[in-house]
Structures are given as structure tokens and as C-alpha cells.
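First up is the structure itself, then whatever we jot down about it.
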Amino acid sequence: MKRNIVIAVVTAAALVGGGTATALAVAGDDDDTTSVTRTDDDRDDRGEDRSDDRDGDDDAGAVRAAAGGVTAAEAITAALKHTPGTAVSAELDDGSWEVDVLAGGDTWHTVRIAPDSGKVLGAQKDDEDDAAEVRAALKGASVTAEDAAKAAAAKGAVVSVDLDDDGDDRGWEAETRASGGDERDWSVGLTTASVTADRDDD
């Protein structure tokens, strides 16, 4: 007697415990059906894969946003219009510009700016205690973070600018990325806005 086996695989649309539910039905000549439901919770594996891929996507997105959207200098201008103070850093991260602003009373704020429109996405007060060091580093400086971003833009798409307040080589640090993804680090002077290759850049 010939035996007929029908296997049907149905993927459930609902999530079961965050995993994927798969139903397997096996039918024979006696029309008895056995249903087996298996839940694969591979969130950890998927999370690792996504994080690995996300690094590459973030790099590519940073280049596209910096090259064709709101520049670092424009993001800083928008952030300071929303939260007056002294911009200390700007970085294109997780799909938006994040600008750190040292406001009055030594309070810190992080302002998020949309890289395509320049609109403020949100702002939050941060708990930092290095206001005195930053103000000391910027004493006598005539080049702002916005100025440094504009100066570094001559070297490529600026994806970050940050104040280096350590040691004797104080100044602005800027990172640029080319369309091919090549990264370069630059130093921008606090008084002259001169751009030189970062000595620590490989």
C-alpha cells in the first residue's frame, strides 16, 4: 500500500516569546494529523549579526548624511539656536547628529539634530563634571567647534568634531570620511583654524 505523506510548513505571524513559531503538520493514509510547534529563540544570534552589519551601515550612512545632508557646522548652529551655550562636540551617530553643549551654570546638554532636515529631534540634560576643564581649555580660543568643522570640511565629509583638552596639544579633533569609507583624523587649532593631520592617525 502506497503511503502518502503531506508536509506543510506554516510560519506564524505572531511572535511567541520574541521568537518565531513554526508549525509542522504530517498526514498519512489514516488522516491522523500530528502538529508540532517549535519556537526558535535566536534573538541573541540575530542581535549579534545585526550589530555587525549595523557598524557597516552606520559608516555608510554617516558618509551619505555628511556628504549630502546637514553638515557638522550646520548641526552645531541648529543645536546652539535651540540650546545656547558653547558647543564642545558634534558626532553623526545612530542616524542623527549629537551635539554636546556646555550651557550657563556649567550644565551640559546633548541636542540631537536630524541629518537630512536640520530639525531638533530632542535634547536632554547630561550629568558631566568637567565643565571647568573645558572652559580652561577654551580660554583665549577664537576658533569654535563650528569653525573647526568648516575648516576640516576642506579635507572631506566631517562626521565628528571634538575638543581635545588634554595636555599641551589642546585643540579640536575632527574626523572625515571619504565616499569609499576611508577615515582620516585631523587637528584644528584653537586660534588659527589651521588643519593638520593628526599625529596619532594611522
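Annotation: side-chain contact (heavy atoms from CB on, under 4.5 Å) contacts of A148 (sequence neighbours excluded): V143, V161, W172, V188. Partners of S89 according to the side-chain hydrogen bond (donor to acceptor under 3.5 Å, both in side chains) rule, which considers only residues two or more places apart in sequence or in another chain, are D100. Contacts of D106 classified as salt bridge (Lys or Arg N to Asp or Glu O under 4.0 Å), with partners at least two apart in sequence or in another chain: R135. Applying the side-chain hydrogen bond (donor to acceptor under 3.5 Å, both in side chains) rule to S194 yields the partners T192; only residues at least two apart in sequence or on another chain are considered.
Between H109 and K125, the shortest heavy-atom distance links the atoms ND1-CA, 3.9 Å. Closest non-hydrogen pair, A149 versus A72, comes out as CB-CB, 3.9 Å. For the pair R170 and A136, the tightest heavy-atom approach, listed with the atom from each and the gap, is NH1-O, 3.9 Å. Nearest heavy-atom pair across V195 and A152 is CG2-N, 4.1 Å. Scanning both residues, G118 and V70, for their nearest heavy atoms gives N-CG2, 3.4 Å. Taking both residues in full, the closest heavy atoms of A131 and L102 are given as CB-CD1, 3.8 Å, listed atom of the first, atom of the second, then distance.
A heavy-atom distance below 4.5 Å is not found between the side chains of W186 and D198. L190 places a side-chain heavy atom less than 4.5 Å from the side chain of L163. Between V120 and I113, the closest side-chain pair of non-hydrogen atoms falls below 4.5 Å.
Although no hydrogens or angles enter the test, the distance criterion places a donor-acceptor pair under 3.5 Å between the side chain of S142 and the main chain of T191.
The side-chain hydrogen bond (donor to acceptor under 3.5 Å, both in side chains) contacts involving residues 152-163 comprise nothing, where partners must be two or more places apart or lie in separate chains.
Atom CD of E98 and atom CG of D93 lie 5.0 Å apart (nearest 0.5 Å). One finds the CH2 atom of W108 at 10.0 Å from the CG atom of D129 (value rounded to the nearest 0.5 Å). One distance of note links OG1 of T107 with CG of D126; it measures 10.0 Å at 0.5 Å rounding.
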Using distance only, find each side-chain donor-acceptor pair of residues 74-88 under 3.5 Å and give its atom names and separation, not counting sequence neighbours.
| from | atom 1 | to | atom 2 | distance (Å) |
| --- | --- | --- | --- | --- |
| E74 | OE1 | T71 | N | 3.0 |
| E74 | OE1 | T71 | OG1 | 3.4 |
| T77 | OG1 | A73 | O | 3.0 |
| T77 | OG1 | E146 | OE2 | 2.7 |

